[in-house]
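Protein chains get the first letters and strands the later ones, always in sequence-line order, with residue 1 at the start of each. Note that the structure is a prediction, hence the values are computed from the model and not measured.
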Amino acid sequence: MEDFSTLIGGIAGDGINEAGATIGRLFNRLGYRIYMYYDYPSLIRGGHNFSLIRAARRKIGTHRDKVDVLIALNQETLERHRERLKDKSFIIYDADKVKPLDLKSSACGLPVSQILKEEGALSIMKNSCILGGLCRIVGIEWQVLEDVLSMHIPKELELNLKVAHRGYDSAVEFCRIEGLNQESLPIMTGNQAIGLGLIRAGLKAYIAYPMTPSSSLLDFMAQSAPGFGLRVIHPENEIAVMLMAQGFAYAGIKAAVGTSGGGFCLMTEGLSLAGQAEMPVVIMMAQRAGPSTGLPTYTAQGDLHFILNAGQGEFPRFVVAPGDAEEACRWSGVALNMAWKFQVPAFILTDKSVSEGLYSLDISIAETREEHPILWDGEDEYHRYKYTQTGVSPLAYPSHRGQAIKANGYGHDEHGITTEDPKTAVAMADKQLLKGEALAKEMEEYEAVAVHGDSGSNTALLCWGSNKGVCIEAAEGLGLKAVHVVVLSPFPAQRLKEALKGAQRIIAVEGNSTAQLARLAGLYGINVDEKILKYDGRPFSLDDLISEIGRTLA
Amino acid sequence: MEDFSTLIGGIAGDGINEAGATIGRLFNRLGYRIYMYYDYPSLIRGGHNFSLIRAARRKIGTHRDKVDVLIALNQETLERHRERLKDKSFIIYDADKVKPLDLKSSACGLPVSQILKEEGALSIMKNSCILGGLCRIVGIEWQVLEDVLSMHIPKELELNLKVAHRGYDSAVEFCRIEGLNQESLPIMTGNQAIGLGLIRAGLKAYIAYPMTPSSSLLDFMAQSAPGFGLRVIHPENEIAVMLMAQGFAYAGIKAAVGTSGGGFCLMTEGLSLAGQAEMPVVIMMAQRAGPSTGLPTYTAQGDLHFILNAGQGEFPRFVVAPGDAEEACRWSGVALNMAWKFQVPAFILTDKSVSEGLYSLDISIAETREEHPILWDGEDEYHRYKYTQTGVSPLAYPSHRGQAIKANGYGHDEHGITTEDPKTAVAMADKQLLKGEALAKEMEEYEAVAVHGDSGSNTALLCWGSNKGVCIEAAEGLGLKAVHVVVLSPFPAQRLKEALKGAQRIIAVEGNSTAQLARLAGLYGINVDEKILKYDGRPFSLDDLISEIGRTLA
Amino acid sequence: MKPTDLGTYAKNTWCPGCGNFSILNAMRAVLAQLDEEGLPVEEVVLVSGIGCHGKIVDYLNVNSFYSIHGRTLPVATAIKLANPERKVICFSGDGDCLAEGLDHLIFAAKRNIDITLILHDNRVYGLTTGQYTPTSPQGFKGKSTPLGSAEPPMNPPELMLVSGATYIARGYTHGIDLLQRLFKEAILHKGFSFVDVLQVCMTYNNLYESYNKCVYEMKGNDTSSFDEALRLSRSWRYDGPDAPIPLGRFYQVDAPSFEEVFPGFELVDLDEAKREKKISEVLERMI
Amino acid sequence: MKPTDLGTYAKNTWCPGCGNFSILNAMRAVLAQLDEEGLPVEEVVLVSGIGCHGKIVDYLNVNSFYSIHGRTLPVATAIKLANPERKVICFSGDGDCLAEGLDHLIFAAKRNIDITLILHDNRVYGLTTGQYTPTSPQGFKGKSTPLGSAEPPMNPPELMLVSGATYIARGYTHGIDLLQRLFKEAILHKGFSFVDVLQVCMTYNNLYESYNKCVYEMKGNDTSSFDEALRLSRSWRYDGPDAPIPLGRFYQVDAPSFEEVFPGFELVDLDEAKREKKISEVLERMI
Ligand SMILES: Cc1ncc(C[n+]2csc(CCOP(=O)(O)OP(=O)(O)O)c2C)c(N)n1
Ligand SMILES: Cc1ncc(C[n+]2csc(CCOP(=O)(O)OP(=O)(O)O)c2C)c(N)n1
Ligand code: SF4
Ligand code: SF4
Ligand SMILES: [Mg+2]
Ligand SMILES: [Mg+2]
C-alpha cells in the first residue's frame with residue numbers, strides 16, 4: 001500500500017496536532033513521504049480538531065478524502081468523518097469514550113482510560129496509548145514507535161513508552177505497512193522550513209506579533225534563537241514589528257517579520273517606508289480566510305493583490321509563494337538574498353495550508369546559501385542613495401568615523417538629505433524602476449514557474465502557493481499539465497507563457513473567490529478559460545479537485 | 001483676451017494661496033472660469049510658494065506654462081519664473097524687495113513697504129496693496145476689488161481697502177480685461193467641493209487625522225460643523241479614525257474619513273473590517289508623491305492599485321476619482337449613497353492637484369441628493385446579515401426592544417454570531433460577490449467614463465483623476481479624443497470600451513511612473529499603446545502635455 | 001428580565017474553568033438587573049476586541065460590535081458620540097488593550113468619555129496560545145519568550161489613574177459578587193470606567209492558587225483621593241506573585257465627560273430643505 | 001570637533017524664531033562636546049519622526065534615520081539592539097509621539113531601553129499648520145477644533161514616570177544652557193531618558209510670553225524619589241497657562257535596561273560552517 005491515509009480526531013486540548021505529527025514520523029521511519037493537514041477552529045479547549053496524515057512513496061502535498069485508518073478520540077470524530085471510510089478502512093477508538101457505530105469497517109476499541117489509570121498516567125498520554133495500538137494494527141514494529149517517541153517526547157518518556165506498549169499489546173494486526181527502501185527525511189511545517197531557510201541565508205533577527213497562522217514561525221524562531229544567535233522580539237504591535245525590522249536593516253542586521261492579513265495591514269505604512277528608504281526587509285505573510293478576522297485558523301489565498309500593491313507610492317518588491325516546505329525553505333533564503341541584494345521588501349507569501357501543513361523535506365533540494373549585499377568600498381564620501389546603473393546603492397552601516405549614514409523616508413538626494421526638487425524626485429523614482437528591472441533580470445536565472453504533470457497536455461491547471469501539491473497529483477492522475485507560479489513579483493510572464501505553451505484550455509485553481517492569479521496573469525495577456533475556486537477556508541483534497549476538474553471539463 | 005494667466009510668488013507665510021484665490025475671485029467677478037494651481041514645499045515660513053491663476057471663458061482644469069502677469073513678492077520669484085514670461089507679459093513687484101531684471105517685459109514696481117508704513121498696516125496686507133496694483137494694471141475696476149475684499153477679508157477690512165487703493169493708485173493701466181457675459185460661479189478647492197458633496201448627501205460625521213493634502217477637508221468640515229450639525233473628530237491616529245467611522249456606521253450615522261497614503265495604510269485593517277462587517281464608510285484619500293513621506297505637498301497618482309486592493313480578503317468597494325471640483329462635489333455624494341446602499345467602503349480618490357486646486361463650480365451640475373439605505377421592516381427577528389437576492393441586508397440601528405443588533409468582523413452567520421462553518425463561509429463570500437454585482441449593475445446608470453475632445457479621432461488620451469482638465473484641453477487643441485475614467489471600481493470596462501471605440505492609438509496620461517490606469521485597463525483587454533507619465537510631483541501644464549503628445553505622435 | 005434571557009444559541013468555546021465564565025455571568029446578571037431598574041438592555045451596546053475575551057459578545061443577546069484586535073475603544077467612542085444615551089461597554093484583553101491598542105485606552109481615559117472598559121486581564125495571550133503580555137511578570141516563559149520575557153510588567157490601574165480615568169477598580173474571576181458590584185458601579189459611573197479583572201486563564205496562566213492566597217478586598221479607602229488610589233494601585237505592580245493584591249474600587253471622581261463637552265455646540269439635524277439653504281449660503285460666500 | 005563641524009548643506013526651513021533652533025544648537029554642542037570627551041559622534045544614531053521637529057536630522061551631519069510619523073522608537077529600539085554600543089537619540093513631536101505613536105513611547109519606558117527621546121513639545125501640530133495635540137490645553141482653538149478642543153491635556157512627564165522611564169526632565173527652548181545640560185545627562189543616562197522640551201512654535205502657538213513668566217528651575221529636588229518626581233511633574237499639568245512650570249530634572253534612577261536583559265542569552269555570530277552544522281542537528285531532530 002503506497003498511499004495510506006490516517007485521520008485522528010478529538011477535541012482541542014487532546015494534542016491532535018502532535019499526535020498527527022507522530023503518526024507522520026512513524027511512516028517517515030518506514031521511508032514514506034508525508035503530508036499532514038491539521039484542521040482546528042479558533043478555540044483552545046473543546047470543539048473538534050483533526051489531523052489527516054497521508055503517507056506515500058513519492059513526495060505529496062495534499063490529502064485524500066477517504067482514509068485507511070480513522071482514529072477517534074471522541075464520538076464526534078466518528079460521526080463527522082464516517083463518510084471518509086472505505087470498505088476496507090479500520091477504526092481505532094478510545095473504548096471508554098466512544099460508542100462504535102454500526103459500520104462495516106473493522107474496528108478496535110482500546111481501553112485507554114483503564115490503561116492510563118492502571119499506569120498512573122496523565123490524560124494527554126492517551127495519544128501514546130492509541131499510537132501503540134495503531135502501530136500494532138497497521139503492522140509497524142514496536143521499535144519504530146519507541147524510536148519516534150524517544151526522540152520527540154520531552155517529558156516522562158518512560159511512562160509514555162509503557163502506556164504505548166500497553167496500547168500495542170491490546171491491539172491485533174490488521175494489515176502490514178511495508179517499509180520502503182527510501183531514507184527517512186526530516187518532516188516539518190512550512191513555517192519551520194521558512195525559519196530554517198532564513199537562518200541558513202543569514203538571518204539575524206526575527207520580529208513578530210503573534211497571529212495565526214504565522215505564530216508558529218515566531219515559536220520556532222524563539223526556540224532557535226539561542227542556538228543560532230538570533231534576536232527574536234515580540235513587541236507591542238505590528239507597527240513596531242515592521243519599524244524594528246527597518247532599524248535592524250539600517251544597522252546591517254538581516255531581519256524578517258511574520259504576520260497574517262490584519263497584522264500586515266498595520267505594516268503597510270512601514271512597508272512604504274522600506275520602499276522609500278530602501279531598507280531590505282523580509283515579510284512572511286501567512287494568509288488566512290478573510291476579510292478582517294474572518295476564519296483565523298482556516299486557509300485562503302485572498303491577499304495576493306493586496307501584497308502586490310500594498311503601501312502608498314511605487315517601489316519594487318519581491319514576492320514568492322512557496323507551495324510546500326521544500327520550496328518554503330529554498331525560497332525563503334532567496335527572499336532574504338533578494339531583499340539585501342536589491343534593498344527591497346521581499347515577501348514570503350504563504351497560507352495556513354503551507355504554513356501549518358507538515359511535509360517531508362529534502363534539504364539537498366531546499367538549499368539556498370547566503371549571498372552578501374553590495375557594500376560601500378570606503379572611498380570618498382558615503383552616499384546612502386548613490387545613483388548606479390542598477391539603481392542599487394552600496395551599503396554601509398554605522399559606524400564610520402567621518403561619515404554620516406543617512407536613511408530617509410522623505411524624498412531625498414543621494415546623500416539622504418530631504419529634498420522636494422522635481423528633478424531629484426524623478427531620478428529617485430527612476431532609481432526604483434531600475435532596481436525593479438535589475439531584480440527582474442536576476443530572477444530570470446530562477447525557476448520562477450514550474451511545470452508538472454503531462455507537459456504535452458493541451459489542458460493546463462494554473463495554480464500558486466499551497467495548491468501546488470494537489471494540482472500536481474490531479475494533473476498526473478488525469479494526464480494534464482500543472483503550471484505552478486512560484487514567484488509573483490517580479491511577475492515571470494515570459495516563463496509562464498512558455499510553461500503554458502500548447503495549452504488550449506487553462507484552468508485556474510485557487511483558494512479565493514475572485515481568481516487572483518488569473519487576474520494577475522490577465523495583465524500579461526494570459527487568459528484563463530475556467531476557474532476552480534474554493535473559499536470555505538479548507539484546502540482542496542485531491543478528490544475535491546479531481547471531481548471539480550471533471551465537472552469543468554465535462 | 002479669453003485665456004489669462006497670472007502668477008504670484010513669494011515665501012511661505014506671505015499668504016500666496018489666499019492672494020492667488022483673491023486673484024481668481026477678481027476674474028470670477030468678470031465672468032471668467034478659474035483654475036488655480038498652488039505650489040508650495042513642506043515648510044511653514046520661507047522657501048518659495050507660488051499660485052498660478054488661470055482665467056478663461058470655458059471651464060478649465062489646468063494651467064499654462066507662460067503667464068500674462070507675473071507678480072513677484074521677492075527676488076526669487078522673478079528669477080525662478082522668468083522663463084514664463086512672454087513678449088507681452090507684465091511684471092508687478094514689490095519695489096522695496098525686488099530688483100527688476102533687465103527684461104523686455106513691461107514692469108511696475110509698487111512701493112509696497114512704504115505704503116504699508118505710511119498706512120500703519122501689517123506686513124501681510126502687502127497682498128492687498130499688490131492686488132490693488134494688479135487691478136489697475138489689467139484694467140479691473142476698483143469696485144470689483146472692493147467687493148471681493150469686502151467679502152473675503154475677515155479682519156481690518158478698512159485698512160486693507162485703503163492699502164489696496166494706494167496700490168491701485170500707484171499703478172497705471174497696461175491692458176484691459178474685458179468682462180464676459182457670464183454669471184460668476186462659486187470657486188472652491190476640490191476638498192471643499194467634496195465636503196459640500198458629502199454634506200448634501202447627508203453626512204453627519206467626519207473624522208480625520210491631519211495629513212496633507214487631505215487636511216483642508218478637515219478644516220472645512222470643522223468650520224462647517226456647527227452650521228450643518230456635523231460631528232467632526234480629530235482623534236489620536238488614523239487607526240482610531242477608521243474604527244470610529246465604523247462605530248458611527250453601526251449607529252446609523254453617515255460618516256466619512258479623510259487621509260493620504262501613509263495615513264491610509266493605518267486604515268487598511270479597519271477597511272477590511274468594514275468589508276467583513278459590512279459597514280458603510282466613505283474614505284477620502286488624497287494622493288501625494290510617495291513612497292512613504294515622499295513629497296508631502298506635491299501631487300501624484302501612485303496609489304490606485306493600493307486602494308483597489310487594500311485590506312486582507314475579498315470584498316467589494318466603490319472607488320471614484322473625480323477630475324475637478326464639480327465632479328468632486330457630485331461624486332462624493334454618489335460615494336456616500338453607494339456606501340450606504342450597498343454597505344461597502346466607498347473611496348473618493350483624489351490627489352493634491354484636485355484636493356487643493358481651485359476651480360469654478362456650477363452647482364447645478366454637481367448636484368447629488370441623499371439616498372436612503374434599505375432599512376429593516378421591523379418584522380420578525382432582526383438579522384444583521386440576512387441573505388437577500390442582492391446580497392444587501394436591511395439595516396437597523398440600536399435600539400429596538402427585544403432585538404440585538406450584532407455587527408461582526410469575524411466570520412459570522414446571518415444573525416451576526418461567529419461561525420467558522422465552511423458552508424456559511426461560502427454563503428457569506430457569495431453575499432459579498434452578490435453585493436459587488438449589484439453595485440456594478442447600479443453603476444451602469446452612471447456616466448462612469450466621459451468622452452471629451454474630438455470623439456471621432458482615432459487617437460485617444462486615456463486619463464483619470466486630476467488629469468481630466470489638461471487632457472481635455474490638449475485633446476481639443478490637437479483634435480484628439482480624451483477619455484476620462486471617473487469610476488475605478490467597479491471598473492466600467494464596457495463603457496470604457498465604447499468610449500475608446502475607433503481609437504487606434506491609445507495614449508495613457510498619468511501622474512505616476514508605472515501607468516496604473518493602463519495596467520487596470522489591461523485587465524479588461526484594453527491595451528494602451530503609449531504612455532505619458534509625469535512623476536516629479538508637479539501636475540502637467542497644458543504645454544507640458546501638448547509637447548509630450550507631440551513627441552509621442554512624432 | 002432574567003439573566004438567562006440574555007443568552008444566545010452560540011456554543012460557548014471557552015476552556016472549562018476559564019475565568020471568562022465569571023465575567024459573562026456577572027455581566028449577564030448586571031445587565032438583567034439594570035434592565036429591571038430602568039436601563040433597558042436595548043440601550044446597551046457591547047464592543048469586543050479579538051482574543052478569548054472577545055467571544056463574550058457572541059454569548060450575550062445584546063447589541064454588539066465584534067471589532068478587531070485592540071480596537072474596541074474607537075468603535076465604542078463613536079457609538080457613544082452618535083447617541084450619548086447609549087451605555088457602551090467594551091470587553092478587552094490585556095494583549096488587545098494594553099499592547100495593540102494602548103493608544104486608544106489612554107485617550108479614552110484622557111477624554112473621560114462615558115464608556116466602561118472591562119479588561120480580561122489574564123496576563124497572557126490566550127487565543128494565540130500563550131505568549132507574554134504587557135501585564136505578564138518579567139521572566140514569563142511564554143511561547144515567544146521561552147527563556148523568559150525581558151520586560152517588567154505594566155500596571156494598568158496606575159496608568160489609568162494618571163491618564164484621567166474617573167472610575168478605576170479591580171476584580172477577580174473568583175469572586176462574582178464583587179465583580180457584579182464593580183460592573184454595575186462602572187456602568188452607572190458617568191465618565192471613563194476601567195475595571196481590571198484578574199481573569200484566570202486555566203490553560204496558559206493558571207494563577208488561581210497564587211491569587212487566592214494574595215487577593216484582599218479594599219475597605220474604607222478614600223476613592224476620591226488620587227494619592228490614596230495611587231498608593232493602593234502601586235501596592236502590587238503585577239510583578240512578584242506573593243504580594244497582597246487589592247481588589248475593589250481604587251478611584252471614583254466626578255468630572256465632565258467627553259460627550260458632554262463635544263462637539264462644542266448644539267447638534268442639529270437639518271432637513272433637506274434647510275440643508276440646501278445653508279449650502280446655498282456657503283456657495284454665496286465662495287463667489 | 002566643533003559644533004559647526006556637525007552641520008550639513010541642507011537649507012534650514014524652520015520659521016524664524018522657532019524653538020527648534022535651540023534644540024538643534026544645544027544638541028550640536030552636546031554631541032561635539034561628547035565627541036571630545038570620548039563618545040565618538042559616529043557612534044551616535046539619530047532617529048526622527050515627521051513634523052517640523054523631524055527636520056533636525058537633515059541639519060546634523062550624524063548617522064540618522066528619518067522615519068515616519070510617530071515611529072521613532074521602534075526604529076531606535078532595533079538600532080540599539082543591533083548594537084548596544086550605539087547611542088541612539090530620538091527627536092519626536094508631541095503629535096508624533098503622544099498621539100500617533102504613544103504606544104511605542106510607553107513601551108520604550110516600560111522596557112527602560114537605553115534610548116534618549118527629545119520631545120519637541122510645541123503643543124501643536126506644526127507641519128500640518130496648527131491643530132491641537134495631546135498637550136494642548138482644553139479649549140485650544142486649532143484648525144481641527146475652531147470652537148476649542150474638548151480634551152484635557154496629557155501630562156507627559158507624569159505618564160513617563162509611571163511607565164518606567166528612568167530619566168525624566170523638562171527643558172525650554174529659551175534656556176539653552178539648561179537644554180545642553182539635560183541633553184547631556186539624558187544621553188549619558190543608561191536607560192530610557194525622556195526630555196520634554198517646551199519648544200515654542202512661533203507660528204501656531206507662540207507661548208514665549210506665558211512661559212517666560214511661569215518657568216522656574218527646580219533646585220535641590222530629590223530626583224531619586226518617585227513621589228517627589230510625581231508631585232513636581234503634577235504641579236503643572238499643561239492646562240492653565242499661568243501656573244509655575246518646573247524645569248530641570250524630575251527623576252533619575254538606576255535600573256536594568258532592556259538591552260542588558262535582552263535577549264536572555266549570549267549572542268553568537270556563527271560562521272557558515274557552524275550554522276550548517278547546527279542546521280543539520282535541527283534537521284536530525286525532525287526525523
Ligand atoms: C492586528 C492583529 N494582530 C494579531 C492578531 C492575533 N491575535 C488574536 S487574539 C490575540 C491575542 C489575544 O490576547 P489577549 O488580548 O490578551 O486576549 P485573550 O485571548 O487572552 O483573552 C492575537 C495576538 C489579530 N487578530 N490582529
Ligand atoms: C501617518 C501619518 N499621519 C499624518 C501625517 C501628517 N503629519 C505630518 S507632520 C504632522 C504633525 C506634526 O505634529 P508634531 O508631531 O507635533 O510635530 P511638529 O510639526 O509640531 O514639530 C502630521 C499629522 C503623517 N505624515 N503620517
Ligand atoms: S485559553 Fe485561557 S483565556 Fe482562553 S478560553 Fe482557555 S482558559 Fe480562557
Ligand atoms: S511651524 Fe512652528 S514648529 Fe514649525 S518651524 Fe514654524 S515655528 Fe517651528
Ligand atoms: Mg489575555
Ligand atoms: Mg508639535
Side-chain angles (χ1 to χ4, degrees), chain A residues 41-42 239 260-266 268-277 287-298 300 302-303 305-306 308-315 409-411 420 422-423 425-426 429-430 432-433 512-514 516 519 522-523 525 527 535-538, chain B residues 41-42 239 260-266 268-277 287-298 300 302-303 305-306 308-315 409-411 420 422-423 425-426 429-430 432-433 512-514 516 519 522-523 525 527 535-538:
Chain A
S42 185
I239 301 176
S260 185
F264 175 67
C265 286
L266 296 169
T268 53
E269 196 195 4
L271 179 73
S272 185
L273 172 62
Q276 177 73 271
Q287 299 165 97
R288 63 190 215 187
S292 199
T293 307
L295 278 54
T297 59
Y298 289 94
D303 304 338
H305 286 268
F306 180 28
L308 290 171
N309 295 289
Q312 77 273 25
E314 299 173 300
F315 52 91
Y410 237 108
E420 293 163 346
K423 289 217 183 68
V426 170
D430 288 341
Q432 299 275 6
L433 294 174
N512 56 51
S513 70
T514 61
Q516 299 201 8
R519 181 142 48 105
L523 267 178
N527 294 312
Y535 45 96
D536 63 355
R538 279 67 177 174
Chain B
S42 183
I239 300 176
S260 185
F264 175 67
C265 286
L266 296 169
T268 52
E269 196 197 3
L271 179 72
S272 184
L273 173 62
Q276 177 74 270
Q287 298 166 99
R288 64 191 215 188
S292 199
T293 308
L295 279 55
T297 58
Y298 289 94
D303 304 339
H305 287 268
F306 181 27
L308 291 172
N309 295 289
Q312 77 273 24
E314 301 174 297
F315 52 93
Y410 237 108
E420 293 163 347
K423 289 216 184 70
V426 170
D430 287 340
Q432 298 276 4
L433 294 174
N512 56 52
S513 70
T514 61
Q516 300 201 10
R519 182 143 47 104
L523 268 178
N527 294 311
Y535 45 95
D536 63 356
R538 280 65 177 175

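- In terms of the side-chain hydrogen bond (donor to acceptor under 3.5 Å, both in side chains) criterion, B:Glu269 has no residue partners (sequence neighbours excluded).
- Contact count against chain B (heavy-atom pairs under 4.5 Å) is highest for A:Pro291 among A:Pro291, A:Cys265, A:Gly290.
- Contacts of A:Gln516 with chain B are made by side-chain atoms alone, with heavy-atom separations under 4.5 Å and no backbone atom involved.
- Interface residue B:Ser42: backbone and side-chain heavy atoms are both found under 4.5 Å from chain A.
- Only the side chain of A:Ile239 has a heavy atom closer than 4.5 Å to any heavy atom of chain B.
- Among all heavy-atom pairs drawn from A:Arg519 and B:Leu523, the shortest one is O-CD2, 2.9 Å.
- Contact of B:Arg538 with chain A is made through the side chain alone, with heavy-atom distances under 4.5 Å.
- For the side-chain hydrogen bond (donor to acceptor under 3.5 Å, both in side chains) test, residues two or more places apart in sequence or in another chain that qualify with B:Thr514 are A:Glu314.
- Both the backbone and the side chain of B:Leu273 come within less than 4.5 Å of a heavy atom in chain A.
- Neither the backbone nor the side chain of B:Leu308 comes within contact range of chain A, judged by heavy atoms closer than 4.5 Å.
- The main-chain N or O of B:Ser292 is found under 3.5 Å from a side-chain atom of A:Ser272 such that the two form a donor-acceptor pair.
- Expressed to the nearest 0.5 Å, how far CD of A:Glu420 lies from OH of B:Tyr298 amounts to 6.0 Å.
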